[in-house]
Amino acid sequence: RKTYRRHHSSHHRAMSTKHDLDKYAYDLEIEGPKPFLSFLMKTLSGFEGLRLIKNKYLHKEASSSSKTSKLITIAFNLTLAAFLTIFGKWYLYFILWVYPLLSVTIFLNNVRSIGEHLPKGDRYLDETKQDLIQLVRTTTPNFFEKWFMYQANFNYHLEHHLFPSIPAHNLPKLHAILKEIGIYNRHP
């Protein structure tokens with residue numbers, strides 16, 4: 001949790017700059033078939049998931065989780081693996097739990113993050129290509145997209161960046177207020 005908070009706080013404090021520790025999720029080249037195929041292969045192979053674990057959670061500057069949090073995570077994984085092993089299906093632990101965490105979850109998080117942050121066209125501030133143009137969007141998903149990718153109201157991303165301390169369940173109310181006072185008409 002501490003590592004997540006540290007990264008996400010840097011994202012709010014220094015969004016789209018080289019100091020944004022969560023920039024990896026949306027500063028991706030996916031325009032055109034070759035870059036998109038490369039992105040797809042890196043994420044669905046699990047390569048990006050392993051790289052994320054190494055750089056975000058095993059990095060020397062990563063904040064350590066509490067002992068309780070670590071114990072709960074270890075206990076859950078051992079229980080799940082033991083349960084599947086008892087029934088002779090040990091391989092399902094990797095197919096249905098480990099692989100999706102390292103691949104599909106990363107892919108969906110990146111797609112969502114790109115939709116919430118990435119501007120169209122020239123996205124860099126200057127020729128150094130270190131800092132991106134700052135942009136945050138609120139998206140309006142259909143029922144399936146909302147269920148599949150936006151269950152925690154992530155789609156209200158502009159609202160979240162404007163007021164990060166508002167709980168996720170209140171973001172739709174904030175969205176309605178911003179819409180009512182004309183924010184989206186003035187800044188589409």
Side-chain angles (χ1 to χ4, degrees), residues 1-12 15 20-30 35-118 138-157 159-161 164-172:
R1 235 188 261 168
K2 289 179 185 176
T3 298
Y4 171 79
R5 284 188 186 133
R6 183 164 113 12
H7 277 243
H8 198 67
S9 294
S10 79
H11 174 64
H12 279 265
M15 187 178 83
D20 178 352
L21 298 175
D22 277 345
K23 190 169 107 171
Y24 70 88
Y26 61 90
D27 183 17
L28 300 165
E29 186 57 54
I30 60 167
F36 181 74
L37 187 58
S38 173
F39 161 69
L40 197 62
M41 295 302 293
K42 285 179 185 175
T43 54
L44 294 184
S45 69
F47 174 77
E48 284 300 308
L50 291 171
R51 191 171 73 85
L52 176 63
I53 288 170
K54 176 185 167 275
N55 293 338
K56 188 172 182 177
Y57 297 103
L58 300 178
H59 193 269
K60 65 181 178 182
E61 293 177 13
S63 303
S64 61
S65 301
S66 70
K67 286 183 182 179
T68 304
S69 176
K70 286 178 184 174
L71 288 174
I72 290 171
T73 300
I74 291 168
F76 172 81
N77 280 278
L78 288 175
T79 304
L80 180 60
F83 178 78
L84 292 169
T85 302
I86 288 168
F87 289 100
K89 306 287 185 189
W90 60 268
Y91 54 89
L92 291 180
Y93 175 75
F94 297 96
I95 294 170
L96 299 176
W97 185 249
V98 175
Y99 172 73
L101 280 175
L102 295 176
S103 59
V104 178
T105 304
I106 303 299
F107 174 77
L108 293 175
N109 183 59
N110 286 72
V111 168
R112 181 185 55 76
S113 295
I114 289 167
E116 293 166 351
H117 297 92
L118 199 62
T138 288
T139 56
T140 50
N142 63 34
F143 175 79
F144 177 74
E145 293 165 336
K146 177 77 172 158
W147 172 79
F148 197 63
M149 292 179 59
Y150 295 107
Q151 290 184 7
N153 287 325
F154 284 133
N155 57 300
Y156 296 106
H157 214 67
E159 292 80 359
H160 169 67
H161 272 264
S165 62
I166 290 183
H169 65 274
N170 283 331
L171 291 174

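Both backbone and side-chain heavy atoms feed into the values below; hydrogens, waters and symmetry mates do not.
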### Task
Kindly indicate, with the supporting measurements, whether the criterion ring-ring contact (aromatic ring centres under 6.0 Å, His included) is fulfilled by Tyr93 and Phe83.
CA-CA 9 Å; Tyr93 175 75; Phe83 178 78; over 10 Å; no
### Task
Under the side-chain contact (heavy atoms from CB on, under 4.5 Å) rule, what do Leu50 and Leu102 come out as? Steps first, then yes or no, please.
CA-CA 7 Å; Leu50 291 171; Leu102 295 176; 3.9 Å; yes
### Pair His11-Tyr26, ring-ring contact (aromatic ring centres under 6.0 Å, His included): steps then yes or no
CA-CA 11 Å; His11 174 64; Tyr26 61 90; 5.7 Å; yes
### Task
Evaluate the criterion side-chain contact (heavy atoms from CB on, under 4.5 Å) for residue pair Glu48 and Met41; output intermediate values, then yes/no.
CA-CA 9 Å; Glu48 284 300 308; Met41 295 302 293; over 6 Å; no
### Task
For the pair Asn77 and Trp97, evaluate side-chain contact (heavy atoms from CB on, under 4.5 Å) and give the outcome as yes or no after the intermediate values.
CA-CA 9 Å; Asn77 280 278; Trp97 185 249; 3.0 Å; yes
### Task
Go through the steps for Gln151 and Lys146 under the test side-chain contact (heavy atoms from CB on, under 4.5 Å), then give the verdict.
CA-CA 6 Å; Gln151 290 184 7; Lys146 177 77 172 158; over 6 Å; no
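Side-chain atoms of His160 never come within 3.5 Å of backbone atoms of Tyr156 as a donor-acceptor pair (strictly under, hydrogens ignored). For the pair Asn155 (side chain) and Thr139 (backbone), a donor-acceptor distance under 3.5 Å is present. In this structure a side-chain-to-backbone donor-acceptor pair under 3.5 Å is present from Ser10 to Leu21. Between the side chain of Thr105 and the backbone N or O of Pro100 there is at least one donor-acceptor pair closer than 3.5 Å.
When all heavy atoms of Trp90 and Phe94 are compared, the closest pair comes out as O-CD1, 4.0 Å. Residue Ile106 comes nearest to Leu52 through the heavy atom pair CD1-CD2, 3.5 Å, listed as atom of the first residue, atom of the second, then distance. Closest approach of His12 to Pro164, counting heavy atoms only: CE1-CB, 3.8 Å. In terms of heavy atoms, Asn153 sits closest to Leu171 at O-CD1, 3.8 Å. Here the shortest heavy-atom pairing between Ala168 and Ala152 reads CB-O, 3.3 Å. Nearest heavy-atom pair, Gly46 versus Ser103, reported as atom, atom and distance to 0.1 Å: N-CB, 4.1 Å.
The shortest distance between side-chain heavy atoms of Val111 and Phe39 falls below 4.5 Å. Residues Met149 and Phe154 form no side-chain contact, since every pair of their non-hydrogen atoms from C-beta on lies 4.5 Å or further apart. For the pair Met15 and His117, the minimum side-chain heavy-atom distance is below 4.5 Å.
Between Trp147 and Phe144, the angle of the ring planes lies from 30° to 60°, which puts this pair in the tilted group.
No side-chain N or O of Tyr24 forms a donor-acceptor pair with one of Asn110 less than 3.5 Å apart. Using modelled atom types and a 3.5 Å distance limit, the side chains of Thr138 and Glu159 yield a donor-acceptor pair.
In this structure, OG on Ser45 lies 7.5 Å from OH on Tyr99, to the nearest 0.5 angstrom. Residue Leu80 holds its CG atom at 9.0 Å from OG1 of Thr85, rounded to the nearest 0.5 Å. Separation of atoms NE2 (His157) and OH (Tyr150) is listed at 9.5 Å; rounding is to 0.5 Å. One distance of note links NZ of Lys42 with CG of Leu28; it measures 8.5 Å at 0.5 Å rounding. From Asp27, atom CG reaches atom CG of Asp22 across 12.5 Å, with rounding to the nearest 0.5 Å.
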